[in-house]
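Below, read A as the first sequence line, B as the second, and so on, with proteins coming before strands; counting in each chain starts at 1.
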There are 2 protein chains.
Amino acid sequence: MKHGLSKDEATMADSPKNLYFYTMVKTKNFKANGRIWIDGKEGAFLGYGRVELLEKIHELGSIRQAAQAMKMSYRQAWEFVKQMNEQTEDPLVLMNVGGKGGGQTQLTEAGLRAIEAFKSFNTAFQKFLDSYSEQLHF
Amino acid sequence: MKHGLSKDEATMADSPKNLYFYTMVKTKNFKANGRIWIDGKEGAFLGYGRVELLEKIHELGSIRQAAQAMKMSYRQAWEFVKQMNEQTEDPLVLMNVGGKGGGQTQLTEAGLRAIEAFKSFNTAFQKFLDSYSEQLHF
DNA sequence: TTTCATTATGCTTTTTTTTGAATAACGGCA
DNA sequence: TGCCGTTATTCAAAAAAAAGCATAATGAAA
């Protein structure tokens with residue numbers, strides 16, 4: 001069996017190169033992995049990309065700049081924001097077209113809460129994955 | 001796919017259409033969702049599709065028939081089996097080319113164990129998701 | 001030795017997904 | 001009023017993923 005590193009194992013390769021570590025890696029051949037997201041009535045509502053997008057919007061005050069910052073097309077970023085806003089009582093993002101600088105957009109309180117909710121969901125998920133990785137052997 | 005969109009959000013639409021269910025759905029606007037898999041050293045090792053493939057192989061004794069049964073191309077099914085076998089000490093699937101009927105293939109004990117391992121992993125995951133769906137409100 | 005359905009594999013085509021270009025509309029502000 | 005950079009939207013192009021096609025190789029059994 002070969003021992004090339006796969007893409008998502010970059011963390012391992014970047015870790016301190018002491019002997020103990022290598023011994024551990026050698027015996028751990030498998031890793032429980034996964035992705036989570038939250039669906040609304042109309043389909044996808046929140047996921048990793050969308051949360052990062054919300055954070056960037058909060059930081060930069062513009063959908064276009066946020067998209068650019070995370071190398072996502074504006075087309076898609078705008079679509080994401082639209083889908084998110086359509087599925088909540090109160091919108092997560094407020095857009096203002098036109099005006100000073102062409103327009104601004106900002107997160108609402110609901111938007112900030114959504115970010116936190118997903119992050120805590122994901123933290124629990126990562127713990128779940130780690131606990132399962134322990135017992136994998138084939 | 002960049003942010004994990006649900007390929008299988010058919011579950012809600014396919015559920016029993018009684019009034020009680022609809023009432024529940026109406027008040028529950030969000031659902032925690034996700035997918036899990038197991039990575040090996042060379043990348044993807046086990047996931048939903050691969051487990052179903054293993055089961056069909058066990059049932060039908062042929063990669064080609066298994067692929068056909070689940071409407072997957074033989075090309076891909078064969079690739080999956082190859083990747084799985086390459087990443088374990090003992091292969092999950094034994095292939096015999098030629099002979100009566102052109103060849104047969106069967107699961108090993110390791111293959112059967114792999115199916116069970118993933119299924120129990122997924123059962124735990126679904127419970128995790130359900131427990132989280134409870135507390136979602138935006 | 002011929003037959004047969006399968007495994008094994010490369011290459012082409014199709015389908016799906018994502019991105020990019022192009023353009024209209026907007027509205028505070030100098 | 002004209003300017004500016006943004007939001008808003010369509011549609012074509014490109015990239016990625018999956019499927020399909022063609023064909024060689026195999027080896028037990030008739």
Side-chain angles (χ1 to χ4, degrees), chain A residues 6-8 35 37 42-44 47-50 52-54 56-87 91-108 111, chain B residues 1-10 35 37 39 42-44 47-50 52-54 56-87 91-108 111:
Chain A
S6 71
K7 277 177 222 159
D8 17 7
R35 303 175 69 81
W37 64 89
E42 332 266 330
Y48 299 100
R50 288 150 119 107
E52 187 182 344
L53 179 63
L54 290 179
K56 290 271 190 272
I57 288 174
H58 184 55
E59 178 189 342
L60 300 170
S62 147
I63 295 179
R64 182 170 299 276
Q65 283 175 42
Q68 183 177 326
M70 57 189 291
K71 280 161 187 159
M72 169 187 285
S73 69
Y74 171 79
R75 182 72 185 70
Q76 184 168 64
W78 174 82
E79 193 78 33
F80 281 174
V81 171
K82 188 183 166 199
Q83 287 173 7
M84 288 187 279
N85 276 348
E86 275 173 353
Q87 299 188 69
L92 306 191
V93 181
L94 290 182
M95 288 98 101
N96 291 302
V97 52
K100 163 88 173 268
Q104 309 84 34
T105 131
Q106 59 180 0
L107 286 202
T108 62
Chain B
M1 210 173 290
K2 186 133 197 176
H3 72 291
L5 273 193
S6 52
K7 242 177 209 172
D8 36 17
E9 45 196 0
R35 304 175 67 83
W37 62 88
D39 280 333
E42 332 265 332
Y48 299 100
R50 288 151 121 108
E52 187 182 343
L53 179 64
L54 289 179
K56 289 271 190 272
I57 288 174
H58 184 55
E59 178 189 340
L60 300 170
S62 147
I63 295 179
R64 182 170 299 275
Q65 284 176 42
Q68 183 177 327
M70 56 189 291
K71 282 160 185 158
M72 167 188 287
S73 70
Y74 171 78
R75 187 71 185 72
Q76 182 169 66
W78 174 81
E79 193 77 34
F80 281 172
V81 170
K82 187 184 166 197
Q83 287 172 8
M84 288 187 278
N85 276 347
E86 275 173 352
Q87 299 188 69
L92 306 190
V93 180
L94 290 182
M95 289 98 102
N96 290 302
V97 55
K100 163 87 173 269
Q104 309 85 35
T105 131
Q106 58 178 3
L107 286 202
T108 61

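- For the pairing with A/V93, the side-chain contact (heavy atoms from CB on, under 4.5 Å) check across A/T108, A/L53, A/L107 returns one residue only, A/L107.
- Residue B/R64 places its side chain closer to C/dT7 than to any other of C/dT19, C/dT7, D/dT7.
- One can place CE of B/M95 at 14 Å from C1' of D/dA25, the figure rounded to the nearest angstrom.
- Side-chain contact between B/R35 and A/R35: absent, with no pair of heavy atoms (C-beta onward) separated by less than 4.5 Å.
- Taking only side-chain atoms of A/R75, from C-beta outward, the nucleotide of C/dA8, D/dT6, D/dT10 with the closest atom is D/dT10.
- Protein atom CG of A/L94 is 18 Å distant from nucleotide atom P of D/dT6, rounded to whole Å.
- Remark: C1' of C/dA21 and OH of A/Y74 are 14 Å apart, rounded to the nearest angstrom.
- For the pair A/S62 and A/G99, nearest-nucleotide mapping onto DNA chain D gives the more 5' position to A/G99.
- Counting any heavy atom pair closer than 4.0 Å across all strands shown, B/G103 reaches sugar-phosphate atoms only and no base atom.
- Between the P atom of C/dA5 and the CG atom of B/N96 lies a distance of 18 Å, rounded to the nearest Å.
- Taking atom CE of residue B/M72 and atom C1' of nucleotide D/dA19, one finds them 12 Å apart after rounding to whole Å.
- Between the CD atom of B/Q76 and the C1' atom of C/dT16 there is a distance of 14 Å, rounded to whole Å.
- Spacing between atom NZ of B/K100 and atom C1' of C/dT7 amounts to 18 Å, rounded to whole angstrom units.
- Per the geometry, CD belonging to B/Q83 stands 11 Å off P belonging to D/dA18, to the nearest Å.
- Using a 4.0 Å cut-off, no side-chain N or O of A/Q104 falls inside it from OP1 or OP2 of D/dT6.
- The distance from atom NE2 of B/H58 to atom OG1 of B/T105, rounded to the nearest 0.5 Å, is 11.0 Å.
- Between B/Q65 and B/K82, the residue whose closest nucleotide on DNA chain C is further toward the 5' end is B/Q65.
- Within the 3.5 Å criterion, the main-chain N or O of A/L94 finds no donor-acceptor partner in the side chain of A/Q104.
- Of the candidate nucleotides C/dC11, C/dT7, C/dC26, C/dC26 has the atom nearest to the side chain of A/V97.
- Looking only at side-chain heavy atoms (C-beta outward), B/V81 and B/M95 come within less than 4.5 Å of each other.
- Distances shown here put a side-chain N or O of B/W78 below 4.0 Å from the OP1 or OP2 atom of C/dA8.
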